[in-house]
Amino acid sequence: MASSSFPPLLPKIDAILVLDGDGNRLAGKYYGDFMKAASASSPTADGSADNNNNSSADNATAAQSVEQLRASFERQLQSKIGGISARPDAAEVVTVLGKTAVFCGGSPAAQGSGGAGDVRIVHIGPTGESELVLAHLVEGMYEALSQLMGGATDRNMILDNLELVFLLIDEHCDGGIILETDGHKLASSVLLRDEQESSRMGEMGGMEGGGGGQQGQAPPSGGGGMGMGMGGDMTIAQALMQARNQIISNLSQS
């Protein structure tokens with residue numbers, strides 16, 4: 001009964017990529033059938049072990065082919081955008097394999113940079129999607145990323161905060177359908193969701209460590225030392241939660 005079509009004004013994209021200066025994918029998602037290899041042949045109905053083994057091998061080969069397709073596409077994309085720096089409020093547009101790619105960020109190419117410099121956020125749109133619409137989408141996500149990273153969108157900062165980057169992608173887009181485009185709202189949603197997940201992790205960590213000899217001792221809130229003085233009393237989940245809370249606190253004060 002459900003229709004597979006979407007309202008004509010609802011933006012839809014094929015992929016979101018976060019690339020470093022050398023075109024390496026730091027984060028991203030592909031949606032729908034874009035850059036997917038042909039499905040492996042379906043196993044026959046006799047249920048034999050050989051057929052099951054062949055099916056597993058075919059699935060592994062298909063997964064490898066998908067990644068090869070994506071890597072090849074990203075190399076071609078990098079050949080078009082490498083060395084181009086796009087302002088956060090003025091996205092650049094290129095065409096790759098018939099797809100429209102709109103991006104923000106990036107730094108002029110530097111010899112021996114090793115992928116350093118500002119990352120690029122790239123939105124890949126389906127055939128016929130408006131370039132202006134895609135530009136609006138990518139500019140909003142780049143604004144949110146810059147806010148979350150405290151204005152530093154270099155490769156190392158992104159790698160150190162990949163969890164926030166993937167949360168941002170999920171808040172921005174679900175299954176190729178754009179959910180939110182406003183940079184401020186995106187950043188706020190990501191921080192709220194991260195805080196909720198951190199609290200959940202902290203509760204789970206407290207339950208796991210509740211059988212210890214110092215049940216009543218809880219990690220300090222807002223301490224400046226990231227809980228280093230707690231020794232073995234703090235679980236990994238609690239330490240991660242406290243580190244993220246401190247980052248969020250610093251961002252809210254800046």
Side-chain angles (χ1 to χ4, degrees), residues 6-21 23 25-32 34 74 77-78 80-81 84-96 99-107 117-155 157-197 244 247-248 250-252 254:
F6 298 100
L9 297 180
L10 190 62
K12 190 173 187 296
I13 57 176
D14 290 326
I16 296 175
L17 302 173
V18 181
L19 307 176
D20 69 9
R25 189 199 321 153
L26 305 181
K29 286 190 175 183
Y30 286 82
Y31 304 105
F34 179 55
E74 289 162 15
L77 174 63
Q78 176 64 13
K80 295 284 188 75
I81 68 177
I84 301 177
S85 178
R87 298 202 321 266
D89 60 345
E92 296 285 345
V93 182
V94 297
T95 302
V96 183
K99 293 288 186 177
T100 302
V102 182
F103 68 96
C104 281
S107 301
D118 287 344
V119 301
R120 294 180 178 89
I121 292 182
V122 187
H123 281 42
I124 310 298
T127 303
E129 186 60 83
S130 167
E131 295 178 2
L132 292 177
V133 170
L134 293 175
H136 176 69
L137 303 181
V138 74
E139 288 165 9
M141 181 175 169
Y142 191 89
E143 179 186 2
L145 180 70
S146 180
Q147 291 185 27
L148 291 170
M149 301 296 113
T153 55
D154 60 275
R155 181 178 187 271
M157 179 64 77
I158 298 302
L159 289 176
D160 288 342
N161 296 277
L162 273 181
E163 182 178 355
L164 292 178
V165 177
F166 279 106
L167 284 176
L168 173 59
I169 293 175
D170 289 342
E171 290 293 327
H172 179 54
C173 182
D174 181 21
I177 306 301
I178 296 299
L179 304 176
E180 179 59 69
T181 62
D182 183 87
H184 293 287
K185 291 181 180 179
L186 279 171
S188 298
S189 298
V190 169
L191 292 177
L192 178 61
R193 182 172 166 185
D194 182 61
E195 187 174 5
Q196 292 172 343
E197 295 190 4
R244 278 193 292 268
I247 293 173
I248 294 171
N250 292 340
L251 285 174
S252 63
S254 60

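Computed from a predicted model, the values in this text were never measured in an experiment.
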Chemist: Are Thr153 and Tyr142 side-chain neighbours, meaning at least one heavy-atom pair lies under 4.5 Å?
Modeler: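 Yes, close enough: below the 4.5 Å cut-off.
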Chemist: Over all heavy atoms of both residues, which pair between Leu186 and Gly140 is shortest? Give the atoms and the distance, please.
Modeler: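 Smallest interatomic distance, heavy atoms only, reads CD1-O, 4.1 Å.
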Chemist: Without swapping roles, check the side chain of Arg120 against the backbone of Ile84 for a donor-acceptor pair under 3.5 Å.
Modeler: yes
Chemist: For Glu92 and Ala86, which heavy atoms make the closest approach, and how far apart are they?
Modeler: CG-CB, 3.4 Å
Chemist: For the residue pair Ala144 and Leu168, what are the closest heavy atoms and their distance?
Modeler: CB-CD1, 3.7 Å
Chemist: For a 4.5 angstrom cut-off between non-hydrogen side-chain atoms, does Tyr31 reach Ile177?
Modeler: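 A side-chain contact is absent here, since even the closest heavy-atom pair is not under 4.5 Å.
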Chemist: Working to the nearest 0.5 angstrom, can you tell me the gap between Leu134 CG and Glu129 CD?
Modeler: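 If I round to the nearest 0.5 Å, the distance is 5.0 Å.
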Chemist: Looking at side-chain heavy atoms only, is the closest gap between Asn161 and Leu148 below 4.5 Å?
Modeler: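 Side chain of Asn161 against side chain of Leu148, heavy atoms only: no contact under 4.5 Å found.
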Chemist: Which atoms form the tightest heavy-atom contact between Pro126 and Lys99, and what is the distance?
Modeler: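 Looking at all heavy atoms of both residues, the closest pair is CA-NZ, 3.9 Å.
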Chemist: Considering all heavy atoms of both residues, which atom of Ala27 and which atom of Leu162 are nearest to each other, and what is their separation?
Modeler: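 It is CB-CD2, 4.2 Å.
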Chemist: Within the distance-only criterion (no hydrogens, no angle test), does the side chain of Thr100 pair as donor or acceptor with the backbone N or O of Thr95 below 3.5 angstrom?
Modeler: no
Chemist: Once you round to the nearest 0.5 Å, how far does CG of Leu132 lie from CG of Leu137?
Modeler: 11.0 Å
Chemist: Before you tell me yes or no, could you show the steps for Leu145 and Ile158 under side chain to side chain contact (heavy atoms under 4.5 Å, CB included), namely the whole-Å CA-CA distance, both residues' side-chain angles and the distance that decides it to 0.1 Å?
Modeler: CA-CA 9 Å; Leu145 180 70; Ile158 298 302; 3.8 Å; yes
Chemist: For side chain to side chain contact (heavy atoms under 4.5 Å, CB included), just list the numbers for Glu143 and Asp182, CA-CA rounded to whole Å, side-chain angles, deciding distance to a tenth of an Å, and then say yes or no.
Modeler: CA-CA 8 Å; Glu143 179 186 2; Asp182 183 87; 5.8 Å; no
Chemist: Would you mind listing every ring pair (Phe, Tyr, Trp, His ring centres under 6.0 Å) that reaches into residues 119-138, with sequence neighbours excluded?
Modeler: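 For residues 119-138: His123-His172.
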Chemist: Indicate yes or no for a side-chain donor-acceptor contact from Ser189 to the backbone of Lys185 under 3.5 Å, with no hydrogens or angles considered.
Modeler: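 Side chain of Ser189 to backbone of Lys185: a pair is present.
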Chemist: Apply the side-chain contact (heavy atoms from CB on, under 4.5 Å) test between Val119 and each candidate in Asp154, Leu26, Leu19; give the one that qualifies.
Modeler: Leu26
Chemist: Nearest 0.5 Å, what's the CZ-CD1 distance between Phe34 and Ile13?
Modeler: 11.0 Å
Chemist: Can you tell if the side chain of Glu171 reaches within under 4.5 Å of the side chain of Leu179, non-hydrogen atoms only?
Modeler: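 Not touching, per the 4.5 Å side-chain cut-off.
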Chemist: If you compare all heavy atoms of Leu77 against all heavy atoms of Val94, which two are closest, and at what distance to 0.1 Å?
Modeler: CD1-CG2, 4.2 Å
Chemist: State which residues pass side chain to side chain contact (heavy atoms under 4.5 Å, CB included) with Ala91; sequence neighbours excluded, sorted by chain then number.
Modeler: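 Here the qualifying residues are Val102, Cys104, Ala135, Val138, Glu139.
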